[in-house]
Protein chains: 2
Amino acid sequence: MEEKINMLIEKGVVPTTQRLIVFQHLEESKTHPTADDIYKALKRRYPIFSRATVYNTLFIFKEAGIIQELTLDKREIHYDPIPSPHHHFYCKVCKEILNIAISCPVAKKREINGHKVEDVQSTFYGVCKRCLKH
Amino acid sequence: MEEKINMLIEKGVVPTTQRLIVFQHLEESKTHPTADDIYKALKRRYPIFSRATVYNTLFIFKEAGIIQELTLDKREIHYDPIPSPHHHFYCKVCKEILNIAISCPVAKKREINGHKVEDVQSTFYGVCKRCLKH
DNA sequence: TTATAATATTAGAACCATTCTAAATTTAAA
DNA sequence: TTTAAATTTAGAATGGTTCTAATATTATAA
């Protein structure tokens with residue numbers, strides 16, 4: 001807990017109770033949840049939790065570089081607790097999002113054609129290994 | 001016009017008047033318009049045009065591989081008249097979407113970690129050359 | 001500590017891009 | 001020409017996200 005509080009402070013984020021809960025939930029989640037996934041999960045345990053708080057917190061975290069916003073789904077935004085850029089695979093069948101560890105020189109560029117690059121998102125769309133079998 | 005009609009037929013799309021108008025509009029547009037951009041532009045010239053028709057047509061075109069859907073903007077979907085995969089740059093300041101011609105071996109993969117890849121989207125986010133100057 | 005200002009949280013309303021619906025129209029097939 | 005199928009239309013419904021105004025909490029100053 002101590003370290004989580006310090007981590008938020010280091011990133012310039014006031015460590016409120018709600019923010020610590022959201023942060024811990026993100027860390028523990030192995031998936032790439034949407035804001036509503038997080039809201040529903042936390043609401044069950046902490047009934048006072050508000051939807052707006054989840055949205056605000058995710059916005060704050062993203063701005064602070066603590067998490068990453070994934071705009072790879074046409075319906076809703078997903079969040080990734082790993083802030084460093086990496087590729088993703090989005091399964092059209094089961095809708096799961098998988099991290100892809102792959103070395104890619106293009107994704108490391110900080111400048112391209114004179115444009116300043118701050119973030120990169122690379123997503124593969126298709127059918128995942130598991131769904132291919134069924 | 002003749003060739004546009006044949007092109008749609010070839011792709012298995014019934015070439016209705018509305019679809020031809022949408023297709024021509026996409027071809028002429030140098031940008032990556034949203035469904036609503038297209039609807040508003042066409043509504044001005046053809047007041048009977050319906051929003052649902054634009055959405056239906058874009059869906060049909062995407063399924064037929066005539067256009068590409070870009071889910072790089074968190075707010076709305078953009079459409080690219082070039083169906084073959086290529087990188088994009090999204091300017092956070094002016095919100096413009098630019099095509100990036102870059103050779104990328106990773107983006108050519110049809111299989112990764114056992115998953116079947118059907119599409120790839122790679123987007124750079126940052127500040128474009130023009131906005132950097134201002 | 002106490003008072004005051006600034007920030008965060010809450011519930012629910014508002015927003016808005018997209019999808020759905022049912023009726024009317026157009027196109028294709030018999 | 002008749003009939004069936006597909007397309008288009010206007011507007012309502014949906015649903016993820018943002019906004020609002022009131023309340024609660026936290027930080028700062030006296």
Side-chain angles (χ1 to χ4, degrees), chain A residues 4-6 8-9 11-25 31-64 66-67 69-79 90 95 97, chain B residues 4-6 8-9 11-25 31-64 66-67 69-79 90 95 97:
Chain A
K4 286 187 183 82
I5 292 172
N6 288 331
L8 291 185
I9 291 169
K11 298 277 184 177
V13 175
V14 177
T16 66
T17 308
Q18 285 87 336
R19 288 175 183 172
L20 284 163
I21 292 170
V22 171
F23 181 60
Q24 177 161 331
H25 180 82
T31 59
H32 299 79
T34 65
D36 214 58
D37 290 339
I38 297 167
Y39 168 69
K40 279 181 192 142
L42 296 183
K43 186 76 176 179
R44 231 179 297 131
R45 277 196 285 171
Y46 312 93
I48 212 200
F49 237 95
S50 162
R51 194 173 253 112
T53 301
V54 174
Y55 277 90
N56 288 339
T57 301
L58 292 170
F59 176 80
I60 295 278
F61 282 6
K62 183 200 67 179
E63 292 294 300
I66 295 168
I67 61 171
E69 214 175 59
L70 303 180
T71 57
L72 44 75
D73 183 346
K74 97 185 245 183
R75 308 183 64 99
E76 46 195 342
I77 298 163
H78 293 260
Y79 290 89
Y90 181 91
K95 315 293 184 198
I97 297 165
Chain B
K4 285 190 185 79
I5 291 173
N6 288 331
L8 291 184
I9 291 170
K11 298 276 186 178
V13 175
V14 177
T16 66
T17 308
Q18 285 87 335
R19 288 174 183 173
L20 285 163
I21 292 171
V22 171
F23 181 61
Q24 177 161 331
H25 181 81
T31 59
H32 299 79
T34 66
D36 213 59
D37 289 341
I38 297 167
Y39 168 70
K40 279 182 192 141
L42 296 183
K43 186 76 175 178
R44 232 180 296 130
R45 274 195 287 171
Y46 312 94
I48 210 201
F49 236 93
S50 161
R51 195 174 252 112
T53 300
V54 174
Y55 277 91
N56 288 339
T57 300
L58 292 170
F59 176 80
I60 295 278
F61 282 6
K62 183 199 68 177
E63 291 294 298
I66 296 168
I67 62 172
E69 215 176 59
L70 303 180
T71 57
L72 45 75
D73 183 347
K74 97 184 244 182
R75 309 182 65 97
E76 47 195 341
I77 298 162
H78 293 260
Y79 290 90
Y90 181 91
K95 315 293 182 198
I97 296 165

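Values reported hereafter were calculated over all heavy atoms of this structure, with side chains retained and with hydrogens, waters and symmetry mates removed. Sequence lines set the chain letters: A, B, ... in the order given, protein chains first and strands last, and positions in each chain run from 1.
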> Counting side-chain heavy atoms from C-beta on, which of C:dT18, C:dG12, D:dA10 comes nearest to B:Ala35?
Replying inline: C:dT18

> What's the CG-P distance between B:Asn56 and D:dA10, to the nearest Å?
Replying inline: 13 Å

> Can you tell me if the side-chain N/O atoms of B:Tyr55 get under 4.0 Å from OP1 or OP2 in C:dT19?
Replying inline: no

>> If I take atom CZ in residue B:Phe59 and atom P in nucleotide D:dT7, what distance separates them, rounded to the nearest angstrom?
In response: 12 Å

> Nearest-Å distance, OH (B:Tyr39) to C1' (D:dA10)?
Replying inline: 9 Å

> For DNA chain C, whose closest nucleotide is more 5', that of B:Val14 or that of B:Glu76?
Replying inline: B:Glu76

> Among the nucleotides D:dT8, D:dG11, C:dA8, which one has an atom lying closest to any side-chain atom of B:Arg19?
Replying inline: D:dT8

> Quick one: does B:Phe61's side chain get under 4.5 Å of B:Val22's, heavy atoms only?
Replying inline: yes

>> Tell me whether the side-chain N/O atoms of A:Thr53 come closer than 4.0 Å to OP1 or OP2 in C:dT10.
In response: yes

>> Does D:dT9 have OP1 or OP2 under 4.0 Å away from a side-chain N or O of B:Gln18?
In response: yes

> Is the side chain of A:His78 donor-acceptor paired with the backbone N or O of A:Leu70 at a distance under 3.5 Å, no angle test?
Replying inline: no

> In whole angstrom, what separates B:Leu42's CG from D:dT9's C1'?
Replying inline: 15 Å

>> Just N and O in the side chain of B:Arg51: are any of them under 4.0 Å from OP1 or OP2 of D:dG11?
In response: no

> Between C:dA17 atom P and A:Asp73 atom CG, what is the distance in whole Å?
Replying inline: 18 Å

> Start at the 5' end of DNA chain C and walk down; is the nucleotide closest to A:Phe49 or to A:Lys74 reached first?
Replying inline: A:Phe49

> Could you state the NZ-P distance from B:Lys43 to D:dT8, rounded to the nearest angstrom?
Replying inline: 14 Å

>> Please check: side-chain N/O of B:Arg51 versus main-chain N/O of B:Tyr39, any donor-acceptor pairing under 3.5 Å?
In response: no

>> Check whether A:Lys74 reaches the backbone of B:Thr71 with its side chain - one donor and one acceptor, N or O, closer than 3.5 Å.
In response: no

> CD1 of A:Ile60 versus C1' of C:dT9: gap in Å, rounded?
Replying inline: 12 Å

>> Without decimals, in angstroms, what is the distance between A:Ile77 CD1 and C:dA17 P?
In response: 14 Å

> Does any donor atom in the side chain of B:Thr34 or B:Asp37 lie under 3.5 Å from an acceptor atom in the other side chain?
Replying inline: yes

> More 5' along DNA chain D: B:Pro47 or B:Arg75, using each one's nearest nucleotide?
Replying inline: B:Pro47

>> With a cut-off of less than 4.0 Å, is there a side-chain N or O of A:Thr16 near OP1 or OP2 of C:dT7?
In response: no

